[in-house]
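Encoded as structure tokens, the structure appears first; notes follow it.
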Amino acid sequence: MSQITIPLLQQKKRSGEPIVMVTAYDYPGARAAERAGVDMVLVGDSGAQVVLGHSSTVAVTTDEMLVLAGAVRRGTTSAFVVCDVPFGSTELSDEQAVATSVRFVKEAGADSVKLEGGSESRLSRIRAIVAAGIPVVGHIGLTPQTAIALGGLRAQGRTRESAERLVREALGVEAAGAFCLVIEAVPSEITQLLRGVLTIPIIGIGAGEADGQVLVLHDLLGVTEGHTAKFVKQYGTIGDDTVAAISAYTAEVRDGVFPGSEHQYAAGEDAVAAARSALGI
Ligand code: KIV
């Protein structure tokens with residue numbers, strides 16, 4: 001597959017060819033996404049939940065995200081790699097936001113960073129990061145890093161006030177210089193309206209038809225346990241398959257079936273004799 005670039009993503013928006021994005025948090029996940037031919041891989045801060053076991057995305061640190069991002073970068077060759085900047089790593093100032101974003105590019109090899117929110121201060125961060133030469137993906141609608149301020153993990157843009165805010169933020173993020181926008185958990189009608197006006201690609205998650213789609217890898221594989229959001233479609237049963245495989249291994253070890261002869265090395269008579277002699281038996 002040819003290298004995915006920003007002009008290519010923009011071209012896809014213009015031609016109506018859907019953009020495919022999926023999250024990944026490690027080397028094998030990135031390899032699988034690459035082999036499947038996705039356009040963009042997002043090292044999401046959802047990794048805080050799906051791989052680190054936190055109850056929200058807020059807890060993950062920049063250093064932890066950098067470890068995940070480096071592994072994903074090493075697993076990708078042509079997909080465009082976007083890294084979430086975690087909560088607390090951009091909030092203080094534009095300077096902090098630029099310094100954090102530079103780390104993702106220099107230390108992890110990210111192609112771009114993703115920033116949640118469309119308030120005035122967030123737009124200022126986007127402008128500063130773009131001015132530093134780092135491509136930015138915006139993220140509005142349901143923004144999990146500030147879900148408490150939004151009243152919980154709930155769909156946005158369903159009331160007049162919320163829809164107006166969404167439009168204001170979308171236009172603001174584009175004007176601030178983001179090259180792409182993730183919109184999460186908003187009514188499809190609002191996405192359609194924004195899609196017709198914005199020139200940058202809109203990647204939807206729970207936002208209906210958009211210029212592209214993103215899903216959390218562990219949700220689509222069926223690894224995530226318990227409740228998943230309404231917008232999640234499960235394409236695999238890897239969680240159950242993994243439990244089944246480990247259960248089979250556990251049973252075979254306990255029953256003395258594994259390892260069988262085909263999984264063992266053989267020594268020559270000399271080696272066995274030498275070992276006996278060394279042991280004095
Ligand atoms: O962290 C993440 O996985 C995300 C996607 C849900 C868009 O931000």
Side-chain angles (χ1 to χ4, degrees), residues 6-7 9-14 19 21 23 39-40 42-46 57 80-98 100-101 104-105 110-147 149-150 155-158 161-214:
I6 293 174
L9 294 168
Q10 286 163 341
Q11 173 54 33
K12 283 183 189 250
K13 154 114 188 167
R14 284 193 295 273
I19 297 169
M21 180 193 250
T23 67
D39 300 303
M40 302 174 87
L42 169 65
V43 187
D45 60 359
S46 50
T57 61
F80 193 91
V81 176
V82 182
C83 294
D84 261 335
V85 285
F87 181 71
S89 71
T90 60
E91 275 70 13
L92 296 182
S93 63
D94 289 353
E95 290 71 22
Q96 186 203 24
V98 172
T100 300
S101 304
F104 278 94
V105 172
D111 294 316
S112 162
V113 295
K114 176 164 81 59
L115 228 79
E116 291 188 10
S119 65
E120 266 315 310
S121 67
R122 304 309 287 162
L123 299 183
S124 174
R125 305 293 182 266
I126 295 174
R127 281 192 288 272
I129 299 167
V130 171
I134 299 173
V136 173
V137 176
H139 180 162
I140 61 168
L142 172 55
T143 46
Q145 291 180 5
T146 47
L150 294 175
Q156 301 295 306
R158 301 179 87 178
E161 193 189 33
S162 177
E164 283 172 356
R165 180 175 146 192
L166 210 53
V167 169
R168 202 169 49 246
E169 291 185 348
L171 295 173
V173 167
E174 176 170 70
F179 77 93
C180 180
L181 178 62
V182 167
I183 299 190
E184 179 166 356
V186 306
S188 333
E189 294 89 336
I190 308 282
T191 307
Q192 288 319 306
L193 294 172
L194 291 173
R195 212 179 153 200
V197 173
L198 263 58
T199 59
I200 59 175
I202 295 179
I203 310 288
I205 173 161
E209 204 186 320
D211 301 311
Q213 296 293 324
V214 56

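All heavy atoms count here, side chains included; hydrogens, waters and symmetry mates do not.
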To the nearest 0.5 Å, tell me how far Cys83 SG sits from Leu42 CG. 8.0 Å
Is a side-chain N or O of Ser112 found less than 3.5 angstrom from the main chain of Pro135, in a donor-acceptor match? yes
Rounded to the nearest 0.5 Å, what separates atom OG1 in Thr23 from atom CE in Met40? 13.0 Å
Measuring from atom CG of Leu194 to atom CG of Leu181, what distance do you get when rounded to the nearest 0.5 angstrom? 8.0 Å
Could you list the residues that satisfy salt bridge (Lys or Arg N to Asp or Glu O under 4.0 Å) with Glu189, not counting sequence neighbours? none
Check Val113 against Val82 and note the closest heavy-atom contact, atom names and distance. C-CG1, 4.1 Å
Contacts of Arg165 meeting salt bridge (Lys or Arg N to Asp or Glu O under 4.0 Å) (sequence neighbours excluded), chain-then-number -> Glu169
Between Gly118 and Leu123 the two heavy atoms that sit nearest each other are O-CG, 3.7 Å
Using salt bridge (Lys or Arg N to Asp or Glu O under 4.0 Å) as the criterion, list what pairs up with Asp84, not counting sequence neighbours. Lys114
Does Gln11 reach the side chain of Arg14, with side-chain heavy atoms less than 4.5 Å apart? yes
What ring pair (Phe, Tyr, Trp, His ring centres under 6.0 Å) pairs are there with at least one residue in residues 165-204, not counting sequence neighbours? Phe80-Phe179
Side-chain donor or acceptor of Thr191 paired with backbone N/O of Ala207 under 3.5 Å: yes
Hey, what do you get for OG (Ser101) to CD1 (Ile129), rounding to the nearest 0.5 Å? 3.5 Å
On a heavy-atom basis, the closest approach of Arg158 and Pro187 is CG-CG, 3.8 Å
In terms of heavy-atom contacts, Glu184 and His139 come closest through OE1-NE2, 3.0 Å
Under 3.5 Å, side-chain donor or acceptor atoms of residues 197-206 against the rest of the protein: list the pairs with distances, not counting sequence neighbours.
| from | atom 1 | to | atom 2 | distance (Å) |
| --- | --- | --- | --- | --- |
| Thr199 | OG1 | Glu174 | OE2 | 2.8 |

Gln96 side chain to Glu91 main-chain N or O, any donor-acceptor pair under 3.5 Å? yes
Check for a donor-acceptor pair, side chain of Arg125 on one end and backbone N or O of Leu115 on the other, with a separation under 3.5 Å. no
Sort and list the pairs that fulfil salt bridge (charged side-chain N to carboxylate O under 4.0 Å, His left out) and have at least one residue in residues 192-210, not counting sequence neighbours. Arg195-Glu209, Arg195-Asp211
For the atom pair CD1 (Ile126) and OG (Ser124), what is the distance rounded to the nearest 0.5 Å? 9.5 Å
Looking at Glu116, is its backbone amide N or carbonyl O close enough to the side chain of Arg122 to form a donor-acceptor pair, meaning the two atoms are under 3.5 Å apart? yes
Just how far is it from atom CD of Gln145 to atom CG of Leu150, taken to the nearest 0.5 Å? 11.0 Å
So Phe87 and Asp45, do their side chains get closer than 4.5 Å, heavy atoms only? no
Can you see which heavy atom on Asp111 is nearest to which on Val81, and at what distance? OD2-N, 2.8 Å
I need the minimum non-hydrogen distance between Leu142 and Ala185, along with the two atoms involved. CB-CB, 3.8 Å
